[in-house]
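A short worksheet on the structure shown next.
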Amino acid sequence: MTIYQAIETKYLGPTNTKGGRIKAECWGGNVTISYPHELNTDEAHKAAAQALIDKMTALALRHGGSRSIWNTGRWVQGGNAKGTGYVFTVTEGEQN
């Protein structure tokens with residue numbers, strides 16, 4: 001049985017030294033990207049999730065793992081329970 005990790009994203013507002021960002025995190029790690037203003041909100045959160053998927057895939061490959069854990073199936077997106085961001089999870093089936 002393959003165990004998948006959900007990815008949760010949230011917006012981080014600007015500070016005195018940094019612009020707006022989006023943080024994507026899962027059990028295995030996290031990544032923070034600058035807010036991509038050319039994208040709409042849904043696409044911006046998806047870009048952060050994709051950056052984490054890319055990071056986790058590279059990490060798995062470096063350690064002899066399989067990229068299929070992160071690139072199998074179709075990723076679906078929905079709001080989180082608190083209403084403060086998004087959650088991404090993979091479904092069985094064709095890649096998106």
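Along the sequence shown, residues carry numbers from 1.
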Applying a strict under-4.5 Å side-chain criterion to I, L, V, M, F, W and Y, I'd like to know whether Tyr86 and Trp75 cluster together. yes
Kindly write out the residues that satisfy side-chain hydrogen bond (donor to acceptor under 3.5 Å, both in side chains) with Thr84, not counting sequence neighbours, or none if the list is empty. Asn80
If you group Ile, Leu, Val, Met, Phe, Trp and Tyr by side-chain heavy-atom gaps below 4.5 Å, do Phe88 and Ile22 land in one group? no
Would you say Leu59 ends up clustered with Leu52 if hydrophobic residues are merged whenever their side chains have heavy atoms under 4.5 Å apart, either directly or through other cluster members? yes
If I take atom NE2 from residue His45 and atom CD from residue Gln77, how far apart are they, to the nearest 0.5 angstrom? 8.5 Å
In this structure, CD of Gln50 is separated from CD1 of Ile7 (nearest 0.5 Å) by 8.0 Å
Set of residues satisfying side chain to side chain contact (heavy atoms under 4.5 Å, CB included) with respect to Thr15, sequence neighbours excluded: Thr17, Lys18, Arg21
Does Tyr35 have any side-chain hydrogen bond (donor to acceptor under 3.5 Å, both in side chains) partners at least two apart in sequence or in another chain, and if so, which? none
In chain order, what residues pass the side chain to side chain contact (heavy atoms under 4.5 Å, CB included) check against Glu43, with sequence neighbours excluded? Leu39, Asn40
Under 3.5 Å, which donor-acceptor pairs link side chains of residues 24-34 to any protein atom two or more places apart or in another chain?
none

